[in-house]
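Notes follow once the structure below has been shown.
Excluded from the calculations below are hydrogen atoms, water molecules and symmetry mates; all remaining heavy atoms, backbone and side chain alike, are included. Here is the naming used below: chain letters follow the sequence lines, and residue numbers restart at 1 for every chain.
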There are 2 protein chains.
Amino acid sequence: MDIKNLSLLKDGSETFLTALGKQAHVLKCEKGKILFLHEDTAEYFYIVKSGWIKLFRETLDGTQSVNDILGKGNAFGETALFENNVYPYSAEAVEASEIISLPLKLLKEELEHNNKFSMHVMRHMAHQRHQKDMEIEHRDLQNAPQRIGCFLLNLIDRDAHGAAKIDLPYDKTLIASKLGMQPETFSRALSKLKEKTGIHIKGSHIELYDPKQLIEYCCSHCSSEFPCKDLLAQK
Amino acid sequence: MDIKNLSLLKDGSETFLTALGKQAHVLKCEKGKILFLHEDTAEYFYIVKSGWIKLFRETLDGTQSVNDILGKGNAFGETALFENNVYPYSAEAVEASEIISLPLKLLKEELEHNNKFSMHVMRHMAHQRHQKDMEIEHRDLQNAPQRIGCFLLNLIDRDAHGAAKIDLPYDKTLIASKLGMQPETFSRALSKLKEKTGIHIKGSHIELYDPKQLIEYCCSHCSSEFPCKDLLAQK
DNA sequence: CGAGGGTTTGAAGTGCATCAAATAGTGTGG
DNA sequence: CCACACTATTTGATGCACTTCAAACCCTCG
């Protein structure tokens, strides 16, 4: 994976990207490895090369709230730049992963000097904020089966018409936490979704012979109409 | 109110602020006035001079989800710049309000040319994103009375030790919608909060003789410790 | 004083959480 | 290749929080 192809770093100057490349380190993480904790002082930001990283926060008694789960090509920890150099969440590898670490300092300097890059990063941030807004809306307006359906719809290849196949990217329990529900609820809600929309489920593999049913069931309780993938997909 | 003192426009160049001033218009809005709708093409961004503006989205059947409620000094519609010049939500005056409209074009040009300003805006955006994250966390980890308590805590003057007074800024029904609950739930949850933390409620006026109880009750179910006001207050 | 919106209260229903236990699935060492 | 251990997932039973629908109450303002 080449750093230059990352969506976040698009429009970065040559000098910047070269400097980044030189200071990049690849960390091999075991499942369960904590990369940093909420409110740790931040020196690096990270990019997922492979595997999955969970961003989360927790209360004193250990209850945790999952902020996001990031896969290949996604960046995290970069917002510490704007928040007193402190990470706003904790990060943990939820399976064996490779992570690229990069100095925040370089990012900061590039932002300060390359306006085109800043504009790009702002676009990126606005996009992320919009996604968060949609997440809140979904929890407001959709029930558990609908939220799962929406999650599934965003895993379908866009050009797949008619039948479509989906492989869940990670544990059902993790998906549940990302959608803000308990594993048990996820399991039951998925069955209900099957019943309502005729999807076929075999373990982590799902087939849709009639995506329209799913779309109708889920998207009618959302302010965006179906191909909202552009909105939700890319980070 | 002078445009130059707005947190969003801090670090804007003189030329920019002057140009903005010249193109500023003050709109007087009746309660219920819709300023724009979700997905309208955006030409202006806005600043609340007085009153309250509700940002929201709705599904086809009219159910709505409240994104935010903005008061004096807050800006809205500015993110359209980064989202294909389309507003990502609808905006409505929830009471008689004065709104300043400003051309997005000027904002865009300033962002493209004034790097210091861009940095400031990015800080602003990061802050907003963090707030949204916290909102999601609150809905994950706190129950209705706790969310209300947290809302109240953010209305207290920081230097008020011992007893403190709060006046609810707008309708209870609106607060309820902002916190993602029904008016009936809000009413009952507020009573429960009273019972649990000993706050005194008279209509929209609330007194806390012992804020610690409230803090203990609410903040123990959140990943941030009490004076999280810095985080939540300023927009 | 009366109209109308905001707020509270009551009764009933629903969806999700929780706790407990069974089952399926996966990787390990023998 | 099997048996075991461990984890992920499902299923069952129950409880609680919030919603919904209905009606009463309250407050403000013409």
Quiz item: Roughly how many Å is it from CD in Glu184(B) to C1' in dA17(D), rounded to a whole number?
Solution: 14 Å
Quiz item: Can Gln128(B) and His130(B) be counted as having a side-chain donor-acceptor contact under 3.5 angstrom?
Solution: no
Self-check item: Gap between atoms CE and C1', on Met181(A) and dA17(D) respectively (whole Å)
Solution: 17 Å
Quiz item: When we call it a touch if two heavy atoms are under 4.0 Å apart, what does Ala144(B) touch: a base, just sugar-phosphate, or nothing?
Solution: sugar-phosphate
Quiz item: Nearest-Å distance, CG (Leu168(A)) to P (dA8(D))?
Solution: 15 Å
Quiz item: If you check every side-chain atom of Thr173(A), which of dC18(D), dT9(D), dT19(D) has the closest atom?
Solution: dT9(D)
Quiz prompt | Any Lys31(A) side-chain N or O less than 4.0 Å from OP1/OP2 of dC6(D) | solution = no
Practice problem: Have a look at Thr185(B) and say if it touches a base, only the backbone sugar-phosphate, or nothing, with a 4.0 Å heavy-atom cut-off. | Solution: base
Exercise. Check every nucleotide of DNA chain C for an atom under 4.0 Å from a heavy-atom of chain B, then give the first and the last such nucleotide from 5' to 3'.
Key: dG6(C) to dA11(C)
Self-check item: Pair Phe76(A) and Tyr87(A), ring centroids less than 6.0 Å apart
Solution: no
Practice problem: Figure out the CD/P separation between Glu95(B) and dC29(D), and round it to whole Å. | Solution: 12 Å
Self-check item: Spacing of Phe186(A) atom CZ relative to dT10(D) atom P, expressed in whole Å
Solution: 8 Å
Self-check item: Electrostatic pair Arg139(B)-Asp140(A), nearest N-O below 4.0 angstrom
Solution: yes
Quiz item: Should Glu92(B) and Lys33(B) count as an ion pair when the cut-off is N to O under 4.0 Å?
Solution: no
Quiz item: Does Glu98(B) come within less than 4.0 Å of Lys28(B), counting only side-chain N to carboxylate O?
Solution: yes
Quiz prompt | Interatomic spacing from CD1 in Ile53(B) to CG in Asn74(B) - rounded to 0.5 Å | solution = 10.5 Å
Exercise. Measure the distance from NZ on Lys192(B) to P on dC16(D) and round it to the nearest whole Å.
Key: 10 Å
Exercise. Give a yes or no on whether the ring-centroid distance for His200(A) and Tyr209(A) is below 6.0 angstrom.
Key: yes
Quiz item: CZ of Arg188(A) versus C1' of dG12(D): gap in Å, rounded?
Solution: 7 Å
Practice problem: In whole angstrom, give the distance that lies between atom NZ of Lys202(A) and atom P of dT10(D). | Solution: 15 Å
